[in-house]
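One structure below.
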Amino acid sequence: MLRVLTLNLQHGQPGAGAGDGTAVSGSLAGADIHDPATARAVLAALAEQIAELDPDVVALQEVDLGQTRSGRVDQAGMLAQLLGWRHHRFAAAWAGPVAGLRRRPRRAALAGTGDDVLGPARALLGLGPAGFGNALLSRYPINSHRLMRLGRGPASVVRRGSAVDPRSYRVFTATARNLLVARIGLPETVLPGAAGISLGATHLATRADTAARQLAAAWDALAALPGPRLLAGDFNLPTEQVSAVGVGRLLGEGPTFPAARPVRRIDHFLTDSGPADADGALPPPAGGEGVTTGDADARRAPLLRAVGGGTRSFVVSDHAGTWVDLEPTD
C-alpha cells in the first residue's frame, strides 16, 4: 500500500490546527513566522503531525524558499530533513521575494545563484535564492523529475470605490502556476506490479475557467509518462467541476476548505481512468494523442484504487490536508 498526502502549506502560516490545544501545536496559534526560530518550530510541529499520519509521499503547494515572511528557510528541504527522508524536489513557480520583483526562474529548483536571473545581485547583498512554488517529499527514491509551466491566466481588475475615479481600481496579476512531476521508485511490496509511480504536484489558478484549462494540460502531460499515475494538489475547483473537465479518475473524499470548518473539497487526487480495450491499453490523454512515452510498461502498469484515506487540519494552512491509501486493482 502507498499512502500519499497533499497539503497546501500556505507558506507555513499557523492555521486552524495550531489552536487545537494539543501539546504539539497548542502554543503556536498566531505565531509570527518571520522569526527564523519560530518558523522552524512551526515546521517541526508540522513534521510531527505528518509523521503521525505516516505517509510515503507528500505533495505540497504554496511552499516558500528563502522568503522573509517565513523566516528565510527552505521549507521543503527542512520538512524532508525533519521527516528523516532523503528525497525531495522543489519547483518554483516564480523567483524573487513575495513583496518585490517576481520573475520566471532560469531553473525551478532555485538551488544556486545561477538559477535566478537576479541571483548574482542577491548574492552581493548576502541573500540566497528566494521563490515560491510546489514540492514533493518522498521516503522512496525520486529517480527523475520534470517541470511543466501552466501559465498565469488573465489579470483581474477590482473596483474599490467610485466608478469615475481611476484610483478606485486595482489590477491584480495572476500567479504563475506549474506542475512538478517525479518518477518515484517503489518496492514490489508497496504497489505489486508497479516498479514505480509517476506522481505530479500542482496548484491551479483561482479562476475556475483558467484552472480547468490548466488541469487538462497537467493531466495531458502526466498521461504521457509511465504509469501508474497520480496527480495531487490544490486544484481550486470543487469535485463536480473537476469531474466536468473529463480527465482521469478522482480518488479520495472529504471537504478540505476552509481548514477550521471545511465545507468544500478543492484539494484532489486524479489517477488513470482505466483500460480502453481488451489489451489493457490506457485511454489517450485529453488532447487526443496516444501514450508517447515509448515504454511498454506504461500500458501494463496496474491501475490504482483507494482503499482508505481522509482529511485533517494541520498546524499550518487555511486548507485541511487530504490523503489516500493506494493499492493496485485486482
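Throughout, residue positions are numbered sequentially from 1 according to the sequence presented. Just so it is clear, the model here is predicted, and its values are computed rather than measured.
Comment: Asp35 does not engage Arg40 in a salt bridge, judged by the lack of any side-chain N to carboxylate O separation of less than 4.0 angstrom. A salt bridge is absent between Arg3 and Asp56: the closest approach of a Lys/Arg side-chain nitrogen to an acidic carboxylate oxygen does not fall below 4.0 angstrom. Under the 4.0 Å criterion applied to side-chain N and carboxylate O atoms, Arg69 and Asp64 are assigned as salt-bridge partners. By the 4.0 Å N-to-carboxylate-O rule, Arg103 lies close enough to Asp116 to be salt-bridged with it.
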| task | Given side-chain contact (heavy atoms from CB on, under 4.5 Å), test Val245 with Trp219 step by step and report yes or no. | result | CA-CA 10 Å; Val245 177; Trp219 183 257; over 6 Å; no
| said: Pair Thr239, His268 - check side-chain contact (heavy atoms from CB on, under 4.5 Å), show working. | reply: CA-CA 8 Å; Thr239 301; His268 299 281; 3.5 Å; yes
| CA sep, side-chain torsions, deciding dist, call: Leu215, Leu231, side-chain contact (heavy atoms from CB on, under 4.5 Å) | CA-CA 10 Å; Leu215 177 57; Leu231 180 62; 3.8 Å; yes
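Considering CG of Leu150 and OG1 of Thr210, their distance stands at 11.5 Å, rounded to 0.5 Å. Note that CG of Leu204 is 11.5 Å distant from CZ of Arg213, once rounded to the nearest 0.5 Å. Trp323 CH2 to Leu7 CG: the interatomic distance, rounded to the nearest 0.5 Å, is 11.5 Å. Taking CG of Leu270 as the reference point, atom CZ of Arg229 lies at 12.5 Å (rounded to 0.5 Å). Taken to the nearest 0.5 Å, the CG atom of Asp234 stands 12.0 Å off from the CG atom of Leu9. Summarising the geometry, atom CD belonging to Gln214 is positioned 9.0 Å from atom CG belonging to Leu237; distances are rounded to the nearest 0.5 Å.
Between the side chains of Thr256 and Arg265, no donor N or O sits under 3.5 Å from an acceptor N or O. Between the side chains of Arg183 and His145, not a single donor N or O lies within less than 3.5 Å of an accepting N or O.
With respect to Gln61, the side-chain hydrogen bond (donor to acceptor under 3.5 Å, both in side chains) criterion is satisfied by exactly one of Asn134, Thr6, Asn8: Thr6.
Side chain of Arg139 to backbone of Trp85: no donor-acceptor contact under 3.5 angstrom is found. Judged by distance alone, the side chain of Glu188 and the main-chain N or O of Gly193 form a donor-acceptor pair under 3.5 Å. Here the side chain of Gln49 pairs a donor or acceptor atom with the backbone of Val315 at under 3.5 angstrom.
Here the side chains of Arg177 and Arg149 are not in contact, with every heavy-atom distance at 4.5 Å or above. With contacts defined as side-chain heavy-atom distances shorter than 4.5 Å, the pair Pro228/Leu303 does not qualify. Leu179 places none of its side-chain heavy atoms less than 4.5 Å from the side chain of Leu147. Here the side chains of Arg72 and Leu127 are in contact, with some heavy-atom distance below 4.5 Å. Inter-residue side-chain proximity for Val263 and Phe257 is flagged as unmet; no heavy-atom pair is nearer than 4.5 Å. For the pair Phe235/His203, no side-chain contact is recorded, criterion being any heavy-atom separation below 4.5 Å from C-beta on. The side-chain heavy atoms of Gln67 and Gln75, taken from C-beta on, include no pair separated by under 4.5 Å. Counting heavy atoms from C-beta on, the side chains of His319 and Ile266 come closer than 4.5 Å.
Through direct or indirect side-chain contacts shorter than 4.5 Å among Ile, Leu, Val, Met, Phe, Trp and Tyr, Leu186 is connected to Leu2, Val4, Val57, Leu136, Tyr140, Ile142, Leu180, Ile184, Val190, Leu191, Ile197, Leu199, Leu230, Leu251, Phe269, Leu304, Val324, Leu326.
Around CD of Gln13, the count of heavy atoms belonging to other residues, nucleotides or ligands within 6.0 Å exceeds 12. By the 6.0 Å contact criterion, CD on Gln241 is enclosed, its count of non-hydrogen atoms from other residues, nucleotides or ligands being greater than 12.
Taking the side chain to side chain donor-acceptor pair (under 3.5 Å) definition, one finds that Arg102 meets it with nothing, sequence neighbours left out. Under the ring-ring contact (aromatic ring centres under 6.0 Å, His included) criterion, Phe132 pairs with Trp94, not counting sequence neighbours.
Taking every heavy atom of both residues into account, Pro192 and Pro328 meet most closely at O-CG, 3.5 Å. The nearest pair of heavy atoms linking Ser317 to Ala259 is O-CB, 3.8 Å.
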